[in-house]
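Remarks on the structure that follows.
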Protein chains: 2
Amino acid sequence: MTRRLPQSRDRGIPEATVARLPLYLRALTGMAERGVATVSSEDLALAAGVNSAKLRKDLSHLGSYGTRGVGYDVEYLIYQISRELGLTQDWAVAIVGIGNLGRALANYGGFVSRGFRVAALFDANPEVVGDHIAGLNVEHIDELEAVIERRGVSIVVIATPAAAAQQICDRVIAVGVTSILNFAPTVLSVPEGVDVRKVDLSIELQILAFHEQRKGDRESGGPVMAEELQQGASA
Amino acid sequence: MTRRLPQSRDRGIPEATVARLPLYLRALTGMAERGVATVSSEDLALAAGVNSAKLRKDLSHLGSYGTRGVGYDVEYLIYQISRELGLTQDWAVAIVGIGNLGRALANYGGFVSRGFRVAALFDANPEVVGDHIAGLNVEHIDELEAVIERRGVSIVVIATPAAAAQQICDRVIAVGVTSILNFAPTVLSVPEGVDVRKVDLSIELQILAFHEQRKGDRESGGPVMAEELQQGASA
DNA sequence: TGCTGTGAAAGAGTTCACAGCG
DNA sequence: CGCTGTGAACTCTTTCACAGCA
């Protein structure tokens, strides 16, 4: 399984950079809507909540799309980042598990906005099957494989209870899905070549609790640390 | 610059480790429920989805809680990790924005389970105010400051539309909240000392799309691409 | 013997600081 | 002159490999 084909250009964009491109894209979209035509690394970085050196380094992995002495053309950069992220094509997404979370996801504007289209909703509960949500019919989980193949779904969002997640995961992988976004609080095991991203609400809270606890500790002459963790934006 | 005060113990746990402790905790909890008394780094790592070297290194930052030749005592390790994460105390959490997502969060079992207690729900919509969700009354956003102080809320979850997020953020910080979990798709700017963690659904999808696109580049017979609906969005 | 705990090496990501282009 | 693009230094994280204890 070799996967380092030396293609035309070094397309090896660092993972950390990939994770920030959507942030830049969002900031740029906002600017475009406000009619901003050009932006400096300093200003874009501020809007995205990172520092300018990092932003420039990130963008440099895509190519030289800026103009020295001037900055970046907003529309052009939007296009380049979109293309890099694969958002110039249309991705069909299925959501499995239509509880409150699944509903929230189905209705979430950000999904549809850019390159993504919710193409199918599934649930195991007969009372939910048949509901109309965000213009879609909720289908029975028995239809999972057939519908995924018929509609060309390539990304599956799992919003089921933890106990059901692995089974759903196995089933969608069996019909060729290789990108999964997992909201169930469980570790999914998948074969090589399948990407799983996890969003875990309680883990985020626990990380906050850790830092919150420390703040309390630091009364009177404690460790100096105050540091920031991720997005420490201050003027 | 150097802050390596030789306090009682080196409490400087790497951020990457902190982010994984909740994972270990969850795996351990599952084992405890199944009656497992002792676990090796190999087995625990497998259950948590990491490799054993990383797990041992992570745990070594907490102290020497394992037994060579044997492994870790499950209950004892649960206690130590919980304590380190600050989960042996009770954290009052408020959720602002009771749409589908806010509802999902309010009902999410994982919140309550361990150290966290949803203590207040807020919304600006008069039709939602007064609703009973997960045993709580939804209160009007005007009550935000008063209720936070009265109930000792220390962590605030923002699940409002993006446009409202910064304002809510400023308001809760003004009454002393320093830990925020933000689901709104916007960058919050906060003063130093305030921790913001961000969960962004569309960013996760975009990262998946990036990798999915690459898979397609590689081989030509892979994913089924939906050719229809070629309507390119911007530019 | 079997497993943890950990130095040391390797790798990834970030920041610095400035060359060089518009 | 202003701002991008980038080598170089630095810091953080992961992995290796094995010493050392139960």
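In what follows, chains carry the letters A, B, and so on, assigned in the order in which the sequence lines appear, proteins first and then strands, with residues in each chain numbered from 1.
Heavy-atom distances to DNA chain D give each of A/Glu42 and B/Arg20 a nearest nucleotide, and the one nearer the 5′ end belongs to A/Glu42.
Applying the side chain to side chain contact (heavy atoms under 4.5 Å, CB included) rule to A/Thr17 yields the partners A/Ile13, A/Pro14, A/Arg20, A/Leu21, A/Asp58, A/His61; only residues at least two apart in sequence or on another chain are considered. With sequence neighbours left out, the side chain to side chain donor-acceptor pair (under 3.5 Å) criterion links B/Asn51 to no other residue. Evaluation of the side chain to side chain contact (heavy atoms under 4.5 Å, CB included) rule for A/Ser40 yields A/Glu42, A/Asp43 as partners, not counting sequence neighbours. Applying the side chain to side chain contact (heavy atoms under 4.5 Å, CB included) rule to B/Ile173 yields the partners B/Cys169, B/Ile180, B/Val190, B/Pro191, B/Val194; only residues at least two apart in sequence or on another chain are considered. Under the side chain to side chain contact (heavy atoms under 4.5 Å, CB included) criterion, B/Leu28 pairs with B/Val39, B/Leu44, B/Val74, B/Leu77, B/Ile78, B/Ile81, sequence neighbours left out.
For DNA chain C, the contact window with chain B, defined by any atom under 4.0 Å from a protein heavy atom, covers C/dG2 to C/dA8 in 5' to 3' order.
Between the two ends of the helix from C/dT1-D/dA22 to C/dG22-D/dC1, each summarised by a five-pair axis, the helix axis turns through 10° (rounded to 10 degrees).
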Donor-acceptor pairs under 3.5 Å, side chain of residues 152-168 of chain B to any protein atom, not counting sequence neighbours: which ones?
residue, atom, partner, partner atom, Å
B/Gln166, OE1, B/Ser189, N, 3.0
B/Gln166, NE2, B/Asp170, OD1, 2.8
B/Gln166, NE2, B/Ser189, O, 3.1

Open item on the list: If you apply the rule side chain to side chain contact (heavy atoms under 4.5 Å, CB included), what do you find for A/Leu205 with B/Trp91, and how did you get there?
Closed with: CA-CA 10 Å; A/Leu205 270 196; B/Trp91 299 101; over 6 Å; no
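Applying the 4.0 Å criterion to OP1 and OP2 of D/dT14, one finds that B/Lys57 has every side-chain N and O outside that range.
Applying the salt bridge (charged side-chain N to carboxylate O under 4.0 Å, His left out) test to every pair with at least one member in residues 23-37 of chain A, sequence neighbours left out, gives these pairs: A/Arg26-B/Asp200.
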